[in-house]
Undergrad: 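Before we start, here is the structure in question, set down as structure tokens.
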Amino acid sequence: MRRGFMVSIGDILKGRHVGETVELRGWIYRTRTVGGKAFVVVRDSTGIIQATISKDAVPPEAFAAAEKALIESAVEVKGTVTKDKRAPGGYELRATDLRVVHFAEKFPIQEDPSEEFLLDVRHLWVRSQRMTAIFRIRHTAFAAVHEYFRGQGFWEVHPPMITSAGSEGGTTLFELEYFGRKAHLTQSWQLYAEALVLAMERIYYIGPSFRAEKSRTTRHLTEYWHAEMEQAWAGMDEVIKHAEGVISHACQRVAEERPEDVVALGRTPEFLKAVKPPFERLTYDEALKQLKAKGVDLEWGKDLRTLEERALTEGTTKPIVVTHYPRVTQAFYKARDPKHPDLVLAFDVIGGDGVGEIVGGSERETDLETIQKGLKEQGEDPKAYDWYLDSRRYGSVQHAGFGMGMERLIQWICKLDHIRDAVPFPRTPARFAP
RNA sequence: GCCGUCGUAGCUCAGUCUGGUAGAGCCCCCGGCUGUUAACCGGGUGGUCUCCGGUUCGAAUCCGGACGACGGCGCCA
């Protein structure tokens with residue numbers, strides 16, 4: 001088959017090549033044959049289109065190949081782009097030639113697959129329209145986060161993935177053997193960020209975090225991508241504004257650049273465009289009052305759980321910000337509220353649709369002795385954190401920061417039932433393959 | 001960590017209560033059909049009933065155990 005003018009399916013669907021003779025290549029999505037005609041629906045990374053192959057319009061071997069090729073066979077098709085109401089999508093390619101690059105074996109995924117089976121064949125399911133739409137949005141969201149922080153004067157710096165200690169207590173760390181000694185996979189850049197922030201002042205990074213928590217929920221992964229920022233000479237209010245800013249910026253970019261994908265997943269670009277600062281903000285105490293009014297009682301000092309988060313975000317179209325949590329249950333590095341010693345200057349950004357906490361952040365404790373005391377209260381040995389504590393010995397200044405779960409953000413933007421679809425190959429307690 | 005559900009053909013499931021030769025639809029293969037839209041019509045191939053043990057003349061089915069997965073809660077981003 002002689003090479004023609006190669007085009008993408010997406011371009012054809014935009015009406016760019018009507019009447020032209022072009023060539024496209026991709027994978028067979030469906031085939032139907034009716035007597036002397038074969039309808040071969042082809043997908044590439046930009047869309048799907050029907051190629052109509054008439055027995056009398058192509059070489060005999062091409063028609064035979066079209067009839068024989070199974071779903072997901074790789075093909076090259078040459079033909080004339082035609083606008084036709086009978087074709088799904090409104091455009092089709094009237095083929096003059098077809099070559100099968102690879103005859104696929106019987107493709108295991110058919111109609112009505114179970115969730116469990118799709119996870120077993122995830123390496124094949126990633127070819128689906130739904131998955132590729134999410135991947136494109138993920139691409140855009142990641143770019144937007146980089147764009148936001150760089151635009152705000154933050155340096156991208158990289159912490160290690162292999163660490164000696166954790167930041168949230170040692171029980172949720174994956175352990176690994178490091179030349180005969182114990183090491184761990186990072187669960188947060190927290191300790192390193194607080195060392196680096198005294199050098200670079202405004203820093204951020206996006207990278208993987210690992211949590212060895214056997215969480216069986218629709219919003220937990222054991223390996224997830226963490227967008228984290230840390231800022232010197234800044235308090236809680238300033239970093240809350242950055243949290244609102246970065247979430248909003250990601251929503252704007254996705255709405256502008258991926259409107260078709262957004263619609264395909266059940267959101268609208270308008271919904272995302274409306275996600276602009278400021279978000280509704282309330283303190284933990286105010287949240288308890290709101291919950292009580294809704295008939296949900298929560299004892300003071302308990303963290304907000306799924307039930308409470310859902311009640312608080314019910315009917316919201318933007319995430320909400322909850323601030324000033326009780327000090328009990330909070331990590332040792334979070335700063336006390338000078339006005340209320342029982343509270344810490346910590347905040348969460350909570351998304352609706354059951355996604356829950358998208359961002360968690362705080363102002364950091366600057367006083368050496370207070371941190372050492374906090375570590376002991378959590379059952380940690382301050383000696384193991386000695387290098388970290390140097391950040392409170394040599395020029396300790398006010399600083400604050402937050403971590404954002406990229407998959408949580410994508411889950412919320414794409415309105416996904418389960419966080420595992422926000423990443424191509426999810427890692428959960430039950431699965432690390434494929 | 002706790003609670004619940006499930007495991008039968010490549011896929012989706014019925015059959016299990018009440019033990020007696022392993023079933024359907026889809027996929028695939030063969031045949032038909034010149035505009036199909038998850039095409040349709042006719043025929044055919046396809047099984048370690050998750051595994052181990054027990055009861056029984058006989059177990060997919062009853063009993064005991066193991067393993068695996070999914071869903072919910074907790075923990076978190």
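Order of the sequence lines sets the chain letters (A, B, ...), proteins ahead of strands, with each chain counted from 1. These numbers were taken from a predicted model, which means no experiment stands behind them.
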Undergrad: Using atom P in both nucleotides, what's the gap between B:rU16 and B:rG4 to the nearest angstrom?
TA: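 The same atom, P, in both gives a distance of 25 Å.
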Undergrad: Could you please name the option among B:rA77, B:rG71, B:rA69 that lies closest to any side-chain atom of A:Ala430?
TA: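 When the side chain of A:Ala430 is considered, B:rA69 is the closest of B:rA77, B:rG71, B:rA69.
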Undergrad: For A:Arg408 and B:rC76, is the shortest distance between a side-chain N/O and OP1 or OP2 below 4.0 Å?
TA: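 Result: no.
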Undergrad: Starting the side chain at C-beta, find the nucleotide from B:rC76, B:rA77, B:rC26 nearest to A:His226.
TA: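 Of the candidates, B:rA77 comes closest.
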Undergrad: Write down the distance separating the C1' atoms in B:rU55 and B:rU61, rounded off to the nearest Å.
TA: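 About 13 Å, rounded to a whole number of Å.
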Undergrad: For B:rC27 versus B:rG64, give the span between their C1' atoms, rounded off to a whole number of Å.
TA: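 Each nucleotide's C1' atom is 38 Å from the other's.
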Undergrad: Look at the side chain of A:Arg94 and the base of B:rG35, then say whether one donor and one acceptor between them are separated by less than 3.5 Å.
TA: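 Flag set: donor-acceptor pair detected.
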Undergrad: Just to be sure I understand the rule, does A:Val359 reach a base, reach only the sugar-phosphate, or reach nothing, if contact means heavy atoms closer than 4.0 Å?
TA: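 It contacts sugar-phosphate atoms only.
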Undergrad: Please name the nucleotide paired to B:rC40 by Watson-Crick or G-U wobble geometry with both distances under 3.5 Å, or report none.
TA: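 Its partner is B:rG32.
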Undergrad: Tell me what A:Glu92 touches on the nucleic acid: a base, only sugar-phosphate, or nothing, going by heavy atoms under 4.0 Å.
TA: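 Base: the residue A:Glu92, judged by heavy atoms under 4.0 Å, touches a nucleobase.
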Undergrad: For A:Arg43 and B:rA38, what is the distance between atoms CZ and C1' respectively, to the nearest whole Å?
TA: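 Rounded to the whole Å, the gap is 17 Å.
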Undergrad: Look at all strands and tell whether A:Leu119 reaches a base, only sugar-phosphate, or nothing, counting heavy atoms closer than 4.0 Å.
TA: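 The residue A:Leu119 makes sugar-phosphate contact but no base contact.
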Undergrad: So which nucleotide from B:rC27, B:rC76, B:rC70 ends up closest to the side chain of A:Gln110?
TA: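 Per side-chain heavy atoms of A:Gln110, the pick is B:rC27.
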Undergrad: Distance between the P atoms of B:rU34 and B:rC6, in whole angstroms?
TA: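 Rounded to whole Å, the distance is 49 Å.
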Undergrad: So what's B:rC11 paired with, Watson-Crick or G-U wobble, going by both distances under 3.5 Å?
TA: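 B:rG25 is the nucleotide pairing with B:rC11.
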Undergrad: Nearest to the side chain of A:Lys106, which nucleotide is it out of B:rC70, B:rC27, B:rA77?
TA: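 Output: B:rC27.
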Undergrad: Just call it for A:Gln50: base, sugar-phosphate, or nothing, with non-hydrogen atoms closer than 4.0 Å on any strand.
TA: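 Touches a base.
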Undergrad: In the structure shown, which nucleotide is the Watson-Crick or G-U wobble counterpart of B:rG47, with both distances under 3.5 Å?
TA: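 No nucleotide pairs with B:rG47.
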Undergrad: If you measure from the C1' atom in B:rG58 to the same atom in B:rA22, how many Å do you get, rounded?
TA: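 It comes out at 16 Å once rounded to the nearest Å.
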Undergrad: Report the distance from atom CZ of A:Arg219 to atom C1' of B:rG71, rounded to the nearest whole Å.
TA: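 Interatomic distance, CZ of A:Arg219 to C1' of B:rG71: 13 Å.
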Undergrad: For A:Glu111 and B:rC13, what is the distance between atoms CD and C1' respectively, to the nearest whole Å?
TA: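 Roughly 13 Å, once rounded to whole Å.
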Undergrad: Nearest whole Å is fine: how far is B:rU12 C1' from A:Leu118 CG?
TA: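 Whole-Å distance recorded here is 12 Å.
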Undergrad: If I pick the C1' atom on B:rU21 and the same atom on B:rG15, what distance separates them, to the nearest angstrom?
TA: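 Their C1' atoms lie roughly 15 Å apart.
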Undergrad: May I have the distance from A:Leu221 (atom CG) to B:rC75 (atom C1'), rounded to whole angstrom?
TA: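 That distance rounds to 15 Å.
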Undergrad: Taking the minimum atom-to-atom distance to the side chain of A:Glu213, which one of B:rG10, B:rC75, B:rC70 wins?
TA: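 So the nucleotide nearest the side chain must be B:rC75.
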Undergrad: Figure out the CZ/C1' separation between A:Phe174 and B:rC76, and round it to whole Å.
TA: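 My rounded result for the distance is 13 Å.
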Undergrad: Rounded to whole angstrom, note down the P distance from B:rU36 over to B:rC41.
TA: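 It works out to 15 Å between them.
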Undergrad: Out of B:rC73, B:rG10, B:rU36, which nucleotide sits closest to the side chain of A:Pro108?
TA: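 Looking only at side-chain atoms, A:Pro108 lies closest to B:rG10.
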Undergrad: Once you apply the 3.5 Å cut-off to both distances, tell me the Watson-Crick or G-U wobble partner of B:rC70, or none.
TA: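 Paired with B:rC70, as far as the under-3.5 Å criterion goes, is B:rG4.
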Undergrad: For A:Glu230, is there an ion pair with A:Arg364 - N to carboxylate O distance below 4.0 angstrom?
TA: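 Looking at A:Glu230 together with A:Arg364, the answer is yes, because their closest N to O distance falls below 4.0 Å.
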Undergrad: Across the strands shown, which category fits A:Asp303 at heavy-atom distances under 4.0 angstrom: base, sugar-phosphate, nothing?
TA: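 The answer is sugar-phosphate, as A:Asp303 gets under 4.0 Å only of primed atoms, P, OP1 or OP2.
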Undergrad: Hey, which sits more toward the 5' end of RNA chain B by its nearest nucleotide, A:Leu70 or A:Thr31?
TA: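 Final value for this comparison: A:Leu70.
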Undergrad: Please tell me which of A:Tyr224 and A:Gly36 maps to the more 5' nucleotide of RNA chain B, matching each residue to the nucleotide holding its nearest heavy atom.
TA: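 Upstream on the strand: A:Gly36.
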Undergrad: Checking contacts here: which listed nucleotide (B:rC11, B:rC73, B:rA77) is nearest the side-chain heavy atoms of A:Arg310?
TA: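 Nearest to the side chain of A:Arg310 among the choices is B:rC73.
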Undergrad: When you measure from the side-chain N and O atoms of A:Arg216 to the phosphate of B:rG71, is any distance below 4.0 Å, counting only OP1 and OP2?
TA: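 Result: yes.
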Undergrad: Please round to the nearest 0.5 Å and tell me the distance separating atom OG1 of A:Thr21 and atom NZ of A:Lys78.
TA: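 NZ of A:Lys78 is found 8.5 Å from OG1 of A:Thr21.
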Undergrad: Looking at A:Ser114, does any N or O in its side chain come under 4.0 Å of the phosphate oxygens OP1/OP2 on B:rU12?
TA: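 It does, given that an N or O in the side chain of A:Ser114 lies less than 4.0 Å from OP1 or OP2 of B:rU12.
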Undergrad: Relative to each other, are the rings of A:Tyr284 and A:Tyr325 parallel, tilted or perpendicular (30° and 60° limits)?
TA: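 Correct class here is tilted.
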Undergrad: Looking at B:rU16, which nucleotide sits across from it as a Watson-Crick or G-U wobble partner, both distances under 3.5 angstrom, or is there none?
TA: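 In the structure as shown, B:rU16 has no Watson-Crick or wobble partner.
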Undergrad: Quick one: do A:Arg122 and A:Asp421 make a salt bridge, cutoff under 4.0 Å?
TA: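 Result for this pair is yes, salt bridge flagged.
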Undergrad: Does A:His220 reach a base, just sugar-phosphate, or nothing at all? Heavy atoms under 4.0 Å.
TA: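 Contact class for A:His220: base.
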Undergrad: Determine whether any donor atom in the side chain of A:Glu105 lies under 3.5 Å from an acceptor atom in the base of B:rG10, or the reverse, and answer yes or no.
TA: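 When only heavy-atom distances are counted, A:Glu105 does not reach the base of B:rG10 through any donor-acceptor pair under 3.5 Å.
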Undergrad: Taking only N and O in the side chain of A:Thr306, is any of them less than 4.0 Å away from OP1 or OP2 of B:rG74?
TA: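 For B:rG74, OP1 or OP2 has a side-chain N or O of A:Thr306 closer than 4.0 Å.
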Undergrad: Would you mind checking if A:Arg150 and A:Glu156 are paired as a salt bridge, meaning a charged N to carboxylate O distance below 4.0 Å?
TA: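 Yes, charged N to carboxylate O under 4.0 Å.
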Undergrad: Distance-only, no hydrogens or angles: does the A:Glu213 side chain make a donor-acceptor pair with backbone N or O of A:Pro429 under 3.5 Å?
TA: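 Looks like no, no N/O pair under 3.5 Å.
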Undergrad: Taking the P atom of each, how far is B:rU8 from B:rU48, in whole Å?
TA: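 Rounded to whole Å, the distance is 12 Å.
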Undergrad: Could you please name the option among B:rG35, B:rC76, B:rG71 that lies closest to any side-chain atom of A:Glu309?
TA: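 Looking only at side-chain atoms, A:Glu309 lies closest to B:rC76.
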Undergrad: If you check every side-chain atom of A:Phe117, which of B:rU12, B:rC75, B:rG35 has the closest atom?
TA: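 So the nucleotide nearest the side chain must be B:rU12.
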Undergrad: Report which part of the nucleic acid A:Ala87 touches: base, sugar-phosphate, or nothing (heavy-atom distance under 4.0 Å, all strands).
TA: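 The answer is base, as A:Ala87 lies within the cut-off (heavy atoms under 4.0 Å) of a base atom.
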Undergrad: Whole Å only: how far is the CD atom of A:Glu116 from the P atom of B:rG10?
TA: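 A:Glu116 atom CD is separated from B:rG10 atom P by 15 Å.
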Undergrad: Could you state the interatomic distance from CG (A:Leu13) to OG1 (A:Thr46), rounded to the nearest 0.5 Å?
TA: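 Rounded to the nearest 0.5 Å, the CG-OG1 separation comes to 7.0 Å.
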Undergrad: Is there a donor on the side chain of A:Lys214 or the base of B:rG1 sitting less than 3.5 Å from an acceptor on the other?
TA: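 Side chain to base: no pair present.
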Undergrad: In Å and rounded to the nearest 0.5 Å, what is the CG to CZ distance from A:Leu118 to A:Arg420?
TA: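 The CZ atom of A:Arg420 is 9.0 Å from CG of A:Leu118, to the nearest 0.5 Å.
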Undergrad: If the threshold is 4.0 Å, N to carboxylate O, is there a salt bridge linking A:Glu365 and A:Arg327?
TA: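 A:Arg327 and A:Glu365: not salt-bridged.
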Undergrad: Check the phosphate of B:rU34 against A:Arg32, side-chain N and O only, distance under 4.0 Å to OP1 or OP2. Yes or no?
TA: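 Answer no for this pair, as no side-chain N or O of A:Arg32 is under 4.0 Å from OP1 or OP2.
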